[in-house]
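Here the structure comes first, spelled out in structure tokens, and everything after it is commentary.
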There are 2 protein chains.
Amino acid sequence: MSARMKDIAQDLGVSLMTVSKALRGHSDISEETRRRVVNRARELHYRPNWIARSLVTRRTYMVGLVIPDLMHSFFAEVAKGVGRKFGPLGYQVVISNSEENPEAEARQIEVLLDRNVDGVIIASAQSHIRSELFRILEKRETPYVLIDRMPTGFEGHYVGGRDEEIGMLATNHLIDQGCKRIAHLRGPVISPGSGRLRGYRRALAKHGLDAPLDYVASGLYEDGSGYEGMRKLLQLKKRPDGVFCYNDPVAAGAIKAILEAGLTVPGDIAVIGAGNVHYSDLLRVPLSTIDQSSSVIGETAAELLAQCIEAAKKPLPPKRVFIAPRLVVRESSRRK
Amino acid sequence: MSARMKDIAQDLGVSLMTVSKALRGHSDISEETRRRVVNRARELHYRPNWIARSLVTRRTYMVGLVIPDLMHSFFAEVAKGVGRKFGPLGYQVVISNSEENPEAEARQIEVLLDRNVDGVIIASAQSHIRSELFRILEKRETPYVLIDRMPTGFEGHYVGGRDEEIGMLATNHLIDQGCKRIAHLRGPVISPGSGRLRGYRRALAKHGLDAPLDYVASGLYEDGSGYEGMRKLLQLKKRPDGVFCYNDPVAAGAIKAILEAGLTVPGDIAVIGAGNVHYSDLLRVPLSTIDQSSSVIGETAAELLAQCIEAAKKPLPPKRVFIAPRLVVRESSRRK
DNA sequence: ACGAATCACTATAGCGGTAACTTTACGAAA
DNA sequence: TTTCGTAAAGTTACCGCTATAGTGATTCGT
């Protein structure tokens with residue numbers, strides 16, 4: 001095994017504690033002793049034992065990140081943001097995949113807490129705060145920040161997009177482009193899905209446009225799942241001439257369905273998504289979308305969590321950050 | 001803080017050691033005592049302290065996974081596979097992003113080793129085994145498995161695709177489709193890039209087809225980077241009528257360049273990629289590709305690493321697994 | 001000149017477990 | 001009866017590190 005503080009101490013004829021303090025730059029060690037210790041440490045390739053340190057300090061410098069799906073590039077981007085922020089702070093990020101399953105998620109978070117992570121960031125699959133997960137979280141004193149999805153009744157730290165604004169921005173854009181019959185492929189019944197739907201409705205209402213109930217199709221929200229939803233919309237007697245999709249993967253599926261039906265995008269139907277995933281520009285028709293700065297969401301959440309952790313035991317007053325959305329126009333919606 | 005073994009022991013009037021043994025199902029504890037301990041543990045919501053346990057057992061049940069880019073869906077898929085295998089075994093997977101930078105990678109792996117992970121899986125950015133990283137890895141006794149990329153001279157555990165076969169499969173397919181002038185957008189100078197290039201050359205040679213030097217363009221290998229490479233190929237006097245691209249993201253960029261030049265895919269130029277990333281079906285032109293079972297690579301590497309870890313100190317003889325590729329034909333190459 | 005403060009360092013006591021030995025009790029074998 | 005074996009505990013000694021409370025020697029204030 002590698003060198004321990006004890007070895008350095010013996011070699012130098014000082015006490016173990018002197019070594020410990022010297023290595024941590026503690027003030028009551030003379031400059032000369034410190035230098036001797038540091039040199040000897042380097043010679044022996046000493047590496048502090050995090051485990052032992054954690055046992056006594058009760059800090060692991062590990063944080064958990066729980067997301068529903070690594071393959072979804074929104075979450076991959078969030079993860080990247082989180083890592084970029086925490087890395088330089090000396091934290092390790094442990095990513096857990098909940099597979100969009102609330103129970104699995106609760107179980108995973110328990111595992112993380114059992115590992116004594118210093119904090120957790122969660123894109124939660126829970127729809128309501130009255131779920132097992134939150135009982136678990138509140139019992140322990142580990143700080144946590146929710147991202148992207150806000151379960152109803154949730155009062156704690158949160159970082160996400162302004163979903164209603166996203167819905168309005170997208171819908172307004174379609175209206176601007178001259179669309180009269182605008183449909184929506186909605187997402188799951190969690191906050192981003194509902195918020196974007198609200199925004200869609202508000203935008204239509206403001207412009208005095210109709211939003212027939214059957215213009216809101218609820219597909220799923222995974223790869224190509226927009227395909228099924230769009231096919232249903234295409235069968236309506238009054239076919240829509242614009243679709244706002246919950247996110248880019250859904251929009252990609254929608255475009256596939258439209259083209260397959262022999263129609264054109266944006267000519268017959270204009271399409272806009274949300275999320276600006278990295279491959280949006282490469283789709284069948286380059287996809288207009290609402291950028292929500294995914295990696296900024298990750299970074300912001302990381303920063304907030306870091307503050308909570310530093311704040312020692314005193315829980316900070318709940319903070320909510322909503323990142324501003326931005327319209328990105330590409331070919332799929334350009335009609336003028 | 002939560003309950004410790006000591007609390008259970010005191011409550012039950014037994015020794016700490018009895019509790020420890022009972023909870024781990026040790027044989028020299030009577031069935032009745034064991035039951036009493038387990039019950040009391042449940043009542044107190046006892047959770048074992050991993051940190052303390054790790055300190056003495058020298059096992060953390062954490063493994064590192066180092067990849068160049070989480071956003072690249074190949075690696076996300078690998079990560080998913082790794083997680084799926086290790087989760088049920090009680091391991092936590094810590095993912096580190098090397099950003100394709102060899103030094104950053106070495107640094108990150110050092111951090112992981114400092115954290116006493118039980119093993120590491122690496123999609124390495126190193127091109128040669130004579131690099132700092134391998135000195136570090138060999139000094140410690142932590143087992144590791146390389147995936148996807150094999151640095152020259154590397155002799156240890158490895159799991160990846162059969163790159164030469166991938167190159168041949170793709171190229172043969174283009175030949176089958178009647179392409180006569182087949183170009184290659186090659187990847188970086190690491191094993192998959194070189195292997196696929198070799199496969200491309202062998203396939204052409206076998207069919208007596210020319211492979212002019214300027215038909216091999218080296219772009220990068222990131223999102224849309226195939227775009228630049230393809231533009232160069234389009235300027236050649238003898239324009240290619242088929243392109244095998246290092247991977248799907250490169251192919252996506254290539255298609256973009258081709259369409260932009262007013263040409264058609266696959267009519268004027270057939271395109272095939274490799275990797276079968278999840279959005280390949282949704283691109284401008286649905287992309288033909290070589291599937292390399294990314295998540296199987298992850299799972300296999302995880303299984304291999306788990307074996308190495310279980311094998312206690314005795315290092316296993318180096319094992320290499322090459323996953324078989326599979327042709328997936330979509331529209332981008334269908335000419336018949 | 002005498003107590004207080006300062007400096008640079010040390011001794012001790014854990015953190016929450018586990019490994020490796022003992023010990024104890026009790027029935028079976030010699 | 002004595003010895004022995006075995007089941008079911010208990011003791012002790014760490015794992016590598018940090019927090020806390022000292023220690024002795026020098027410096028300082030009044």
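In what follows, every chain begins at residue 1, and chains take the letters A, B, ... in the order their sequences are listed. Because the structure is a prediction, the values reported are computed rather than measured. The figures here come from the full heavy-atom set of this structure, side chains too, leaving out hydrogens, waters and symmetry mates.
Between T18(B) and the phosphate of dA9(D), there is no side-chain N or O to OP1/OP2 separation shorter than 4.0 Å. For the pair S30(B) and dA9(D), the criterion of a side-chain N or O lying under 4.0 Å from OP1 or OP2 is met. Taking side-chain N and O atoms only, R4(B) has no distance below 4.0 Å to OP1 or OP2 of dG17(C). Phosphate proximity of dC9(C) to T33(A): present, with a side-chain N or O under 4.0 Å from OP1 or OP2. Regarding contacts with the backbone of dC17(D), every side-chain N or O of S20(A) stays at 4.0 angstrom or more from both OP1 and OP2. Look at R34(B) and you won't find any side-chain N or O under 4.0 angstrom from OP1 or OP2 of dA8(D). OP1 and OP2 of dC15(D) both lie 4.0 Å or more from every side-chain N or O belonging to R59(B).
Between the CG atom of L55(A) and the P atom of dC14(D) there is a distance of 17 Å, given to the nearest Å. For R53(B) and dT18(C), the CZ to P distance is 5 Å, given to the nearest whole Å.
Base engagement by L16(B) is indicated by at least one non-hydrogen atom pair under 4.0 Å involving a base atom. In this structure, M17(B) reaches the bases: a heavy-atom distance under 4.0 Å links it to at least one base atom across the strands shown.
Under the 4.0 Å criterion applied to side-chain N and carboxylate O atoms, R35(A) and E32(A) are not assigned as salt-bridge partners. By the 4.0 Å N-to-carboxylate-O rule, D114(A) lies close enough to R140(A) to be salt-bridged with it.
A donor-acceptor pair shorter than 3.5 Å cannot be found between the side chains of Q108(A) and S98(A).
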